[in-house]
Amino acid sequence: HVQLVESGGGSVKAGGSLRLSCVASTSIHKFACMAWFRQAPGKEREGVSVSWTLDVSTTTYADSVKGRFSVSQDDAKNTLYLQMNSLQPEDTAMYYCAAAEECYGGSYALDGRKYTYWGQGTQVTVS
């Protein structure tokens with residue numbers, strides 16, 4: 001039974017930073033792609049980033065976070081990270097880690113329906 005567990009959320013002031021972690025109960029290379037999503041109250045879920053686990057340098061980012069967020073991974077710890085810098089109030093949301101055994105391109109890359117495994121989420125609040 002695959003589990004993803006996020007942590008690292010919290011409350012920060014605008015301009016601050018947080019690093020989220022997503023720990024998988026199995027090797028992250030079981031998954032072809034891993035992604036971060038977020039959902040603010042009353043808003044639709046938004047894809048933040050998608051990474052090919054074989055080469056995290058290929059990560060693509062939503063325009064809203066490009067240049068401020070970055071993804072890294074630690075294979076030995078089965079962990080995917082989301083470093084979030086220059087946080088703004090509009091970044092306030094519940095952040096979720098997701099994984100899929102296939103990668104999808106184009107508009108499907110950040111389509112949550114393509115991801116099989118999800119964490120429980122970690123709250124990020126920026127004031």
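Numbers for residues simply follow the sequence, beginning at 1.
Tyr96 and Tyr61 are not part of a single hydrophobic cluster, where members link through side-chain heavy atoms under 4.5 Å apart. Both Val56 and Trp36 belong to a common hydrophobic cluster when Ile, Leu, Val, Met, Phe, Trp and Tyr are linked at side-chain heavy-atom distances under 4.5 angstrom. Following chains of ILVMFWY side-chain contacts shorter than 4.5 Å, one can reach Val2 starting from Leu80, so the two form part of one hydrophobic cluster. Residues Val23 and Tyr95 are members of separate hydrophobic clusters, defined by side-chain heavy-atom contacts under 4.5 angstrom among Ile, Leu, Val, Met, Phe, Trp and Tyr. Hydrophobic clustering (side-chain heavy atoms under 4.5 Å, transitive across Ile, Leu, Val, Met, Phe, Trp, Tyr) groups Met34 together with Leu20.
Crowding of Lys77 atom NZ: a count of heavy atoms from other residues, nucleotides or ligands under 6.0 Å not exceeding 12. Shown here is Glu44, whose CD atom has no more than 12 heavy atoms of other residues, nucleotides or ligands within 6.0 Å.
Looking at Arg38 and Ser64, their side chains come closer than 4.5 Å, going by heavy atoms from C-beta outward. Side-chain atoms of Gln123 and Thr92, non-hydrogen and from C-beta on, do get closer than 4.5 Å to each other. Between Leu87 and Lys13 the shortest side-chain heavy-atom distance does not fall below 4.5 Å. Counting only heavy atoms from C-beta outward, the side chains of Thr26 and Phe31 approach each other to under 4.5 Å. The closest side-chain heavy-atom distance from Glu6 to Gln120 is below 4.5 Å. Looking at heavy atoms from C-beta onward, His1 lies out of side-chain contact with Ser25 at the 4.5 angstrom threshold. Counting heavy atoms from C-beta outward, Leu54 and His29 have side chains that approach closer than 4.5 Å. Between Val124 and Leu18 there is a side-chain heavy-atom pair separated by less than 4.5 Å.
Asp74 and Ala76 make their closest contact through OD1-N, 3.1 Å (heavy atoms, listed as atom of the first residue, atom of the second, distance). Between Ser17 and Ser86, the shortest heavy-atom distance links the atoms OG-N, 4.3 Å. Looking at every heavy atom in both residues, Tyr115 comes nearest to Cys33 through CE2-O, 4.2 Å. The minimum heavy-atom distance linking Ala62 with Gly47 is given by the pair CB-O, 3.3 Å.
Remark: Lys114 qualifies as a cation-pi partner of Tyr104 under the 6.0 Å distance and 45° angle criteria applied to the six-membered ring. The cationic atom of Arg19 (NZ for Lys, CZ for Arg) lies less than 6.0 Å from the six-membered ring centre of Tyr81 and within 45° of the ring axis.
Listed for the Thr122 side chain is no donor-acceptor partner under 3.5 Å among the backbone atoms of Ser7. Using a distance-only test at 3.5 Å, with no hydrogens or angles considered, no donor-acceptor pair links the side chain of Gln39 to the main chain of Glu46.
Shown are Val71, Leu82, Val50; of these, the side-chain contact (heavy atoms from CB on, under 4.5 Å) with Thr59 is made only by Val71.
Aromatic ring pairs are classed by plane angle as parallel below 30°, tilted from 30° to 60° and perpendicular above 60°; the pair Trp118 and Phe37 is tilted.
Between the side chains of Ser27 and Asn78, no donor-acceptor pair is found at a separation under 3.5 Å. In this structure, a donor-acceptor pair under 3.5 Å is present between the side chains of Glu101 and Tyr117.
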Next item on the list: Applying side-chain contact (heavy atoms from CB on, under 4.5 Å), run through Arg68 and Asp91 and close with a yes or a no.
Entry: CA-CA 11 Å; Arg68 300 187 297 123; Asp91 295 315; 2.7 Å; yes
